[in-house]
Amino acid sequence: MIDQRFDPKAHEQRIYQRWEEAGCFRPSMDSAAEPYAIMIPPPNVTGSLHMGHALNNTIQDILCRFERMRGKNVRWQPGMDHAGIATQMVVERQLAASGNQDRRSMGRDAFIDKVWEWKEESGGTILNQLKRLGASCDWENTKFTLDDEMNTAVNKVFVDLYDEGLIYRAKRLVNWDPHFQTAISNLEVENKEVDGHMWHFKYPLAGGETYTYVEKDEDGNVTLEEERDYISIATTRPETMLGDGAVAVHPSDDRYAPIVGKLCEIPVGPKEHRRLIPIITDEYPDPDFGSGAVKITGAHDFNDYQVAKRGGIPMYALMDERGQMRADGEPYAAVAEVAQRIAEGAEGFDEAKIAAMNLVPDQYRGLDRFDARKAVVEDITSEGNAVMVPDPKHKDEESEAPLVPYVENKKIMQPFGDRSGVVIEPMLTDQWFVDAETLAKPAIAAVREGRTKFVPENWDRTYYNWMENIEPWCISRQLWWGHRIPVWYGPTLDDIANDGPYNVKKGFCAGTPSEAIELAKKYYGDRVEVMIAEDGVTSHTIDSNDALQSIELVQDEDVLDTWFSSGLWPFSTQGWPEETDGLKAFYPGATLVTAFDIIFFWVARMMMLGIKFMDGEVPFKDVYIHAIVRDETGKKMSKSEGNVIDPVDLIDGIEADALVAKRTTGLRQPEKAPQVEKATRKRYPKGFDAYGADALRFTLAAMATKGRDINLSVERVAGYRNFGTKLWNATRFAQMNEANFSTKIDPQALELSVNKWIIGELYKCTSAVSEAIEDYRFNDAASAAYQFTWDVLCDWYLELSKPILSGDDAAARAETQAVLGWVLEQTYITLHPFMPFITEVLWEQTSDRDAFLMQQSWPGLDTQFEDQAAADELGWVLRIISQIRSVRSDVNVPAGAKVPVSLIGANDRTAHCVEAHRDVIMRMARLEKFELAEAAPTGAVKTVLDEATVALEIADLIDASEEVARLDKQLGKLTGEITGLEKRLGNEAFVAKAPPEVVAEQRERLTDLQGTRDKLSVAREQLAAI
RNA sequence: GGUCGAUUAGCUCAGUGGUAGAGCACUGCAUUGACAUUGCAGGGGUCACUAGUUCGAACCUAGUAUCGACCACCA
């Protein structure tokens, strides 16, 4: 006999270990079975399990366990992502906390060693948490994106794309994170609305020139006309004025037509070296916004960058990698003069030379960009070049209002690094790019042609939208933790011939250093000795004849974007570029399961790179996009809200105090802690029970509807824990009644209609579950299994079986014991994908077979399990019991009282049902007798079931007038429905146009209702006559 | 500005043209018999609004209102 309750803590980890040791999660490499593969979205090595992971992996595990039971050869490919920025951040923080040297003083190699050390010790807790959830991953094939094998794949992809020209190095404006001091891709930038200012400044015209500035309203009436010696510019970033290369106005903007082509002065910096810049036209400025004139700072703004490129405007970089105003290079005075010559059209200044020029005036050099902004604003204002307006504080007295500098307070969108949280700076730097546009084309086509399908399908719009407007993908990162870019540099032959300078590098892109050396020899000549520099500095030697003797190459310092290696995940994990069995069997995968937020980061990249490197074959057939898990009120779970529910807490349970402590530590803003504490105590005064992994999984599955967020409530988890308890107790019942658990059932050989009925219900349940899972309707699958188990199996079948199991008919008892055991086992199987632990434990404790439940075959039931006659018969039994119970409750018959009931007007079939099921009906409806009769005794309480009238002989127990009222209420309801139906059937158009089966159905229903009404009316009249 | 989505019972949500549903909460009754992490019975809805299509609309179409997500944005 099993314990009184299921204790998840006592079993879950034990069961998991048994599965793992028995190799239940491994696919067979020589199986003839159809392969089925799911690639896990590799969690960050720094990560720990959150509710999103729990949902994501529950769904994958349901699919994998289901397909495994259906006989497929399943590989659920696990692994982890090295997570460049996140990991480097964690380890740097840890070094700082333990008083170690920082990364730079430690040096690259030593730091990387530290990260690996950290990874071995503390990385990958999430994989163990996935095991707690029950994830049936092929752990023996666990991969890490920085493993040698993966590195080989990364290098090969890089080299191949480079050789095809699909990867290139270029100087472009990129998003720069001044905290991590690296470029990031535009996906890693979060645009947020913040309070900002827009300053309006005057850029004086060169040489004191003036023009007539005219403003008109929509009808062309002049609203303002004045002589001006300046052009007004609005900016939210005054510090970038130092790098302006021009002022642009729209070609159609008449206000500025008189001064287009003239020069104006940037009103900041030493007066004797004010830079003059041209006023140009470009389509970009919007005449209706601000003053209509835009300063063009090509090196610090993405829009300006485009304008500058179009107009040949020089782009002056103003900041260093920390986001401080540059302090390098020659003094400002010298540089400003050169810049002036460039602005006047001097030639011979290439991009590199311009980029090297530091145009930051000496007094701003070395300032942080935000301090520089303040200083620039103050300097311009105090010099009188701010545009002045009447002080808005003196609205009422406009004429006398003092003039103040025109500074608008407004919401502006500002870019922040998603990891660092600091303001991102557009920076002109040399980076590596992938030609994403070229790779995107076949990836778009694959979805258009349906070779990969999104589920729900509306996500394809999002995919197309992004893919069709895709920008070059910046893949280089100025970090240390990651795949180092496989390019080695030496000096160019020209530079060597000219004896320097050596600022132009010749790159050799190759999968390994030795291949790079081979490439270099082709370039420098066979007799030149090529080596990899040990000190990281490229150099060369020349022999006595001035011939090149040796070259030392250095590898590119940068590493690749983490998503570059993640993009190869579906094939790099299977051993590519080797032609492995794993690759043949498990590429392409069946379904990718993920949340929408990484469609761009990951799904799109896997599509592009998979198709490119796997002969056009897509990496997966379906992409199932699941919901985001929120708290029970629909808020995003976040630490600062204190509403994060940790899946591990739900599994293991947590005390209220521990919960509060957990939620208030690690908050970035300590002042939020009391708030969070209060909220947490209020919401979860008792903490969480240990609900176990099964309850959590079932909850997530039950709530995983297509296309809607999940608002998770702990109460719901408790409810599904109760469901597990229910199943557990049903098994206890079966054991007490000596159910036969390890048997087979021949549906044709069954005698008892109740047994025929329950296997038919089981058949309906398992088919519904199969269809729903195939269609990714996990909520439907879960609820079909739930309803069968609780409402059909426990509430009805177990009760119906009681008299048989305790009865004298040995044959009936034996049949029921077999069916009960068998149906329970099939129920375990059906529930196993959702609740693997409790079902495996029940299987283990009810049979002595060696094989695990998770290795059993999915119930392949067919229509022979359905028996319509039995279904009709039991349907009637269920209805009469329910109906008698309902009447009893309505007229307040004491629950314990046994009531005599007679049935009037029963036809043969009903009469047969009465005979066959009298015992169980009497037991479940608490009857004293249940007999067929010609007429009802006076004063009986009546209800109608189909053709028969059910009479409860309880006249003495009830009040006749109350009973009349009860019948009237029912009659009222019936009459309403009947009127509606009559009206509908009286409508000729309905009868003519609606499908015949619908019309017939409604007619039948009308007849039924009328019959019921007539019988009830008779009962009412009889009663009223007393 | 573009795209996608939501609005159904007190709460959280299912429901793709034919009798409005579930879980929780609520009300009444039940405690030796698998299970109180339970059982039985019940109350509760103008399916956001308006107009259309249709024999018939929670569902399809158009519009309105409110809320949300993502993307892109005006210096």
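What's counted below: heavy atoms across the whole structure, side chains too, no hydrogens, waters or symmetry copies. Fair warning: this is a prediction, and the values are worked out from it, not measured in the lab. To find a chain, count down the sequence lines: A is the first, B the second, and so on, and within it residues start at 1.
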Please tell me which of the listed nucleotides, [options], lies nearest to the side chain of [X]?
{"X": "A:A895", "options": "B:C29, B:C13, B:C55", "result": "B:C29"}
{"X": "A:Y284", "options": "B:A75, B:A72, B:U37", "result": "B:A75"}
{"X": "A:R732", "options": "B:A75, B:A14, B:A34", "result": "B:A34"}
{"X": "A:R461", "options": "B:C4, B:A34, B:A41", "result": "B:C4"}
{"X": "A:T725", "options": "B:A75, B:U38, B:U37", "result": "B:U37"}
{"X": "A:K410", "options": "B:G18, B:A75, B:A34", "result": "B:A75"}
{"X": "A:A989", "options": "B:G28, B:C55, B:A75", "result": "B:C55"}

Do the rings of A:H626 and A:Y624 sit parallel, tilted or perpendicular, given the 30° and 60° boundaries?
tilted
With C1' as the reference atom in both, quote the distance from B:A65 to B:G23 in angstrom, rounded to an integer.
30 Å
Could you check A:I412 against A:D791 and say which one's nearest nucleotide on RNA chain B is further toward the 5' end?
A:D791
Phosphate OP1/OP2 of B:G42: any A:S886 side-chain N/O under 4.0 Å
yes
State whether A:K802 places a side-chain N or O below 4.0 Å from either non-bridging phosphate oxygen (OP1 or OP2) of B:A34.
yes
With sequence neighbours excluded, what pairs up with A:F600 under the ring-ring contact (aromatic ring centres under 6.0 Å, His included) test?
A:W466
More than 12 foreign heavy atoms under 6.0 Å from CD of A:E193: is that the case here?
yes
Is it true that A:D946 and A:R879 have a side-chain N and a carboxylate O under 4.0 angstrom from each other?
yes
